[in-house]
Amino acid sequence: MVGLVTLRLALPHIVRNYVNRTLSRIPDYRGEVGDIDIHLWRGAYTIHDAKVVRTSGKVPVPFFSAPLVDLSVQWRELFHRALVGNIQIHRAKLNFVKGPTKETSQTRVDSSWQDRVKELFPLRINRFEIIDGQAHYRDFHSQPPVDVVIDRVQVVARNLTNSLKLSKTLAASIDADGQPLGNANLTLHVDIDPYQEKPTFNAAAELTHVDLTRFNDFAMAYGGFDFQSGWLSIYTELAAAKGKFVGYVKPLVTDLEIPDWKEEHENFLQRIWGVLVGVTAKVFRNHPKDRFATRIDYTGSWDDPRYSMWEIVGQVLKNTFIKAIPPRLEGDVNLGEAQRQNGVEVKEAHGSEAEKRNTAADIVRKRVAEKKSKGEIILPEDPNADREGAKDE
């Protein structure tokens, strides 16, 4: 009995050392955790103050940090004859950093991080959740410095092991929400087959009510201009199977104004670029809707994506002179479309099972409507907010 009590008291310290050693085996990064709590009664342990830090010492923020990470067994899945686990991360923060050198940048982590997670939690992960997270894109060396943030990130990935045996394909789902630049709305849904070697999924997302004036540091640092006013929305769908994909992205900008470049400290090229951007936005927009928009369709493979520049220009002209491109998901991209476009056999249950399941675009539209009805989407002072929310034919 004394031995068991001693082991129980020493277990958090033993696990903490094991976690630190495991995380430090990620190339170019080291892991740090503050404390460990063991919960034997629910088959779980909790990591406090976790960090993954660039070892070069030239990046001032960690790549990943979270005050609490909980790893536990999903006991209810035992009734489905599956021994699987759950990971829940609270207030996670990701920092993607662009720098002039490799040592001052952190844009990706070696793929071996997945093996390190498996060592920390040997069960197959069936549910993954991020609660109230943040994602940053930073450039400490640009002028001005850039920090583009997505706040209040919520991510839930379900049935990653298909423990519920929902179907042979697209059994898992991922839902994500966030508030880019503090006031916009991001909603995403993905149905995915986690067992395919090459990506097989159906995805839809919409990003709406982005105040472009909050993007001025980024625009000035990389484009040499800023925004006097403007609102951005982006709608996109993408389906992929066996290395092939089909999709589109539809950017729309309303009430865009670029200030006149009269400041003496701006150079000649910056002034010319600002004039070109401003003139393009004024000329090639639908004037009744005050909306600049296009739709970019793409297809092909991950190694050879294809799109038509002439089609993009045609969509701009159509929006300008014929009919305003509507601010919504079209719902015309799915695995069947990927199959037709690329000649890939997709063993998707077309018919009864597929028809009962909502498309990714349908699910995103429903979730956005629910968030608006609950007041979870706070519309900014966007003069086109009502216009975009209304039926737009």
Side-chain angles (χ1 to χ4, degrees), residues 96 98 107-111 114 135 137 157 160 167-176 180 186-208 222 232-253 280 284 292-320 322-323 325-351 354-355 357-365:
F96 297 95
K98 180 182 182 298
T107 56
R108 62 184 298 272
V109 175
D110 188 90
S111 59
Q114 301 174 51
Y137 170 83
L160 296 177
S167 67
K168 294 181 180 179
T169 58
L170 303 187
S173 67
I174 302 172
D175 288 295
L186 172 65
T187 305
L188 174 144
H189 179 82
V190 183
D191 292 314
I192 188 170
D193 184 347
Y195 292 108
Q196 290 294 329
E197 181 179 351
K198 295 183 178 180
T200 299
F201 61 84
N202 190 19
E206 67 173 59
L207 170 64
T208 58
Y222 300 124
L232 169 69
S233 294
I234 298 176
Y235 301 84
T236 184
E237 295 181 66
L238 179 63
K242 298 185 178 179
K244 303 286 186 176
F245 64 81
V246 61
Y248 71 85
V249 60
K250 188 165 62 171
L252 301 93
V253 180
T280 300
F284 292 104
F292 176 87
T294 188
R295 169 170 165 155
I296 305 169
D297 290 279
Y298 46 84
T299 185
S301 66
W302 303 109
D303 298 326
D304 182 28
R306 299 188 297 273
Y307 61 92
S308 171
M309 182 59 68
W310 289 112
E311 185 174 348
I312 296 171
V313 173
Q315 289 285 347
V316 172
L317 296 176
K318 177 182 177 182
N319 175 77
T320 303
I322 302 175
K323 182 180 179 181
I325 292 177
R328 62 173 180 240
L329 291 168
E330 300 293 346
D332 58 0
V333 173
N334 50 51
L335 286 181
E337 182 67 17
Q339 177 181 349
R340 287 187 293 273
Q341 291 285 338
N342 299 296
V344 177
E345 180 184 358
V346 181
K347 295 181 179 179
E348 168 65 23
H350 298 294
E355 290 172 358
R357 194 165 56 238
N358 290 323
T359 67
D362 289 336
I363 293 173
V364 168
R365 284 192 288 254

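In this text the structure is predicted, and so the values were computed from the model without any measurement. Residue numbers count from 1 along this sequence.
- With sequence neighbours excluded, the residues that form a side chain to side chain contact (heavy atoms under 4.5 Å, CB included) with F96 are F63, L94.
- Qualifying side-chain hydrogen bond (donor to acceptor under 3.5 Å, both in side chains) partners for E237, counting only residues two or more places apart in sequence or in other chains: Y248.
- Residues L188 and V190 form a side-chain contact, since some pair of their non-hydrogen atoms from C-beta on lies under 4.5 Å apart.
- Across every non-hydrogen atom of G331 and R365, the tightest pair is N-NH1, 4.2 Å.
- The CG atom of L160 sits 8.5 Å away from atom CD1 of I192, with the distance rounded to the nearest 0.5 Å.
- Closest of all the heavy-atom pairs between V249 and I234 is CG2-CG2, 3.6 Å.
- Across A204 and L329, no two heavy atoms sit closer than the pair CB-CD1, 4.2 Å.
- Under the side chain to side chain contact (heavy atoms under 4.5 Å, CB included) criterion, L238 pairs with F201, F245, Y298, W302, not counting sequence neighbours.
- Counting all heavy atoms, side chain and backbone alike, N202 lies closest to A239 at OD1-CB, 3.8 Å.
- For the pair T208 and Y235, the tightest heavy-atom approach, listed with the atom from each and the gap, is CG2-OH, 3.5 Å.
- Taken to the nearest 0.5 Å, the CD1 atom of I296 stands 9.5 Å off from the OG1 atom of T236.
- Rounded to the nearest 0.5 angstrom, K250 NZ and E206 CD are separated by 10.0 Å.
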